[in-house]
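Down below is the structure, laid out as structure tokens.
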Amino acid sequence: AQYQLAQLQLRSGGENATTLLQELAEQGHVEAQFSLAQLFEFGKGIEEDLDQANYFYRLAAAQGHALAELKMGLMLRHGLGAKQDLEEAVNYFLLAGDQGSAEALYQAGLMFYEGLGVAKDKKLAAEYYLSAAETGHARAQYNLAQMLREGQNGPADYVQAKRWYTLAARQGLIQAQFNLGMLCYLRKPAPKAPSESFMWWAIAASQGDELANKNLKLLSNDLSLDEKTQALEQAREWSSMFGGLKALNLFFEKSSIPSD
């Protein structure tokens, strides 16, 4: 009840909320520990103090709080509020990952891929990326697609690479959209599909990707107006999935590329 009261006071700007949270946190209330750590980390209603944020995240993490474990991993990786400790950071990512944190699984994948705090192991990195990707983590989907496209753990698999790029692209990840355009243009895995390349590069360009914009202008000369019109309609359908439709329409309003 006291924790709920503290949360209500926080939302209404009450002066006693931080004091009440601190009392609860010192008594071992795990959610109060996590909430207080966030206040210290971001300086909300209290002076920013990364040392104190680290202290209370660590307390919550010791009780198995998954988000606190993730936060500890990030703070230790980057040396925030504590001396950088990559090995301990990996341990926290693994603890949070075991509880289903997609971001922690992704971070663990990064650590194993780069060999940070652990021996470099791209096979294990791919496994962690896959676990995070299966929950819908866009960056993990993209990194997994990159590894599959480049054949980093065996023969290149363009079919699976395209699948994971597509899942990341529909969440608005520009790099995935650009690389999908490249796969289609380079005939991997299917026959060359310039209109599909046009679609993906249009989406990426509308979000500010300069290279996609350059490719789009070059490809425009190879397509008929009907092909570009159809590709643009498909681009609008995809863009609406991640809230990019307005940017796409604005891009073509200002662009010199004829489309419809």
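How far CG of Leu36 is from CD1 of Ile46: 6.0 Å, rounded to the nearest 0.5 Å. Here the OG1-CG distance, from Thr135 to Leu130, works out to 10.0 Å after rounding to the nearest 0.5 Å. For the atom pair CD of Gln84 and NE2 of His78, the computed distance is 8.5 Å after rounding to the nearest 0.5 Å. Atom CG of Leu86 sits about 11.0 Å away from atom CG of Asn91, to the nearest 0.5 Å. One finds the CD atom of Gln22 at 8.0 Å from the OG1 atom of Thr18 (value rounded to the nearest 0.5 Å). Atom CG in Leu94 sits 11.0 Å away from atom OG in Ser101 (nearest 0.5 Å).
Trp200 and Leu219 fall into different hydrophobic clusters, where Ile, Leu, Val, Met, Phe, Trp and Tyr residues are linked whenever their side-chain heavy atoms come under 4.5 Å apart, directly or through other members. A continuous path of hydrophobic side-chain contacts links Val90 to Leu124 [ILVMFWY only; heavy atoms under 4.5 Å]. Hydrophobic clustering (ILVMFWY, side-chain heavy atoms < 4.5 Å, transitive): Leu67 and Met75 are in one cluster. Criterion: ILVMFWY side-chain heavy atoms under 4.5 Å apart, direct or through other members. Under it, Met199 and Tyr158 are part of a common hydrophobic cluster. By the rule that hydrophobic residues join a cluster once side-chain heavy atoms approach within less than 4.5 Å of another member, Leu211 and Trp201 end up as members of one cluster.
Summarising the geometry of Ala169 relative to Leu180, their closest heavy-atom pair is CB-CD1, 3.7 Å, with the distance given to 0.1 Å. The minimum heavy-atom distance linking Asn54 with Met72 is given by the pair O-SD, 3.6 Å. Of all heavy-atom pairs spanning Ser239 and Ile203, the tightest one is OG-CG1, 3.7 Å. Shortest non-hydrogen contact noted between Arg77 and Leu110 is NH1-CD1, 3.8 Å. Taking all atoms of both residues into account, the shortest heavy-atom contact from Ala205 to Leu216 is CB-CD2, 4.3 Å. Contact detail for Gly109 and Ala125: the closest heavy-atom pair is O-CB, 3.4 Å.
By the 30° and 60° cut-offs, the orientation of the rings of Phe40 relative to Phe56 is parallel. The aromatic rings of Tyr128 and Phe112 lie parallel to each other, their planes meeting at an angle below 30°, with 60° marking the opposite boundary. Ring geometry for His65 against Phe34 counts as parallel: the plane angle stays under 30°, on a 0 to 90° scale with 60° as the upper cut.
By the side chain to side chain contact (heavy atoms under 4.5 Å, CB included) test, Lys44 is found to be paired with Leu39, Phe42, residues two or more places apart in sequence or in another chain being considered. For Glu41, the side chain to side chain contact (heavy atoms under 4.5 Å, CB included) partners two or more places apart in sequence, or in a different chain, are Leu50, Ala53, Tyr57, Lys71.
The 12-atom threshold is not exceeded at CD of Glu87, counting heavy atoms of other residues, nucleotides or ligands nearer than 6.0 Å. Within 6.0 Å of the CD atom in Glu150, the count of heavy atoms belonging to other residues, nucleotides or ligands exceeds 12. Around the OH atom of Tyr185, the shell of radius 6.0 Å holds no more than 12 heavy atoms that belong to other residues, nucleotides or ligands.
Between the Gln141 side chain and the Ala133 main chain, a donor and an acceptor come within less than 3.5 Å of each other. Proximity of a side-chain donor or acceptor of Lys228 to a complementary backbone N or O of Ser220 within less than 3.5 Å is detected. Proximity of a side-chain donor or acceptor of Gln160 to a complementary backbone N or O of Leu144 within less than 3.5 Å is not detected. In terms of modelled atom types and a separation under 3.5 Å, the side chain of Gln33 and the main chain of Ala25 share a donor-acceptor contact.
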Practice problem: Applying side-chain contact (heavy atoms from CB on, under 4.5 Å), run through Met111 and Phe93 and close with a yes or a no. | Solution: CA-CA 9 Å; Met111 301 298 272; Phe93 290 143; 4.0 Å; yes
Quiz item: Going through the distances and angles, do Phe178 and Asn215 end up as a side-chain contact (heavy atoms from CB on, under 4.5 Å)?
Solution: CA-CA 10 Å; Phe178 176 82; Asn215 289 354; 3.5 Å; yes
Exercise. Could you go through the side-chain contact (heavy atoms from CB on, under 4.5 Å) check for Arg58 and Tyr92 one step at a time?
Key: CA-CA 10 Å; Arg58 191 178 292 272; Tyr92 275 115; 3.4 Å; yes
Practice problem: Give the intermediate values and the outcome of side chain to side chain donor-acceptor pair (under 3.5 Å) for residues Gln27 and Glu23. | Solution: CA-CA 6 Å; Gln27 293 169 19; Glu23 290 175 358; 5.3 Å; no
Quiz prompt | Candidate pair Lys162 and Cys184, rule side-chain contact (heavy atoms from CB on, under 4.5 Å), full reasoning | solution = CA-CA 9 Å; Lys162 185 175 183 181; Cys184 296; 4.2 Å; yes
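In this structure the side chain of Gln171 never reaches within 4.5 angstrom of the side chain of Leu173, judged on heavy atoms. A 4.5 Å side-chain heavy-atom check between Leu248 and Trp238 finds every atom pair outside the cut-off. A heavy-atom distance below 4.5 Å is not found between the side chains of Pro194 and Asp222. Here the side chains of Asn249 and Arg236 are in contact, with some heavy-atom distance below 4.5 Å. Looking at Leu70 and Leu74, their side chains come closer than 4.5 Å, going by heavy atoms from C-beta outward. At least one side-chain heavy atom of Tyr113 sits less than 4.5 Å from a side-chain heavy atom of Gln152. Using a 4.5 Å cut-off on side-chain heavy atoms (C-beta onward), Leu223 and Gln230 make no contact. In this structure, the side chains of Tyr106 and Asn143 come closer than 4.5 Å at one or more pairs of heavy atoms.
One side chain, Asn179 or Tyr142, offers a donor N or O that lies under 3.5 Å from an acceptor on the other. With no hydrogens or angles considered, no side-chain donor-acceptor pair links Gln146 and Tyr129 at under 3.5 Å. Residues Gln175 and Tyr165 have side chains that never bring a donor and an acceptor to within less than 3.5 angstrom of each other.
Counting only residues at least two apart or in different chains, side chain to side chain donor-acceptor pair (under 3.5 Å) contacts with residues 203-212 comprise Gln177-Gln207.
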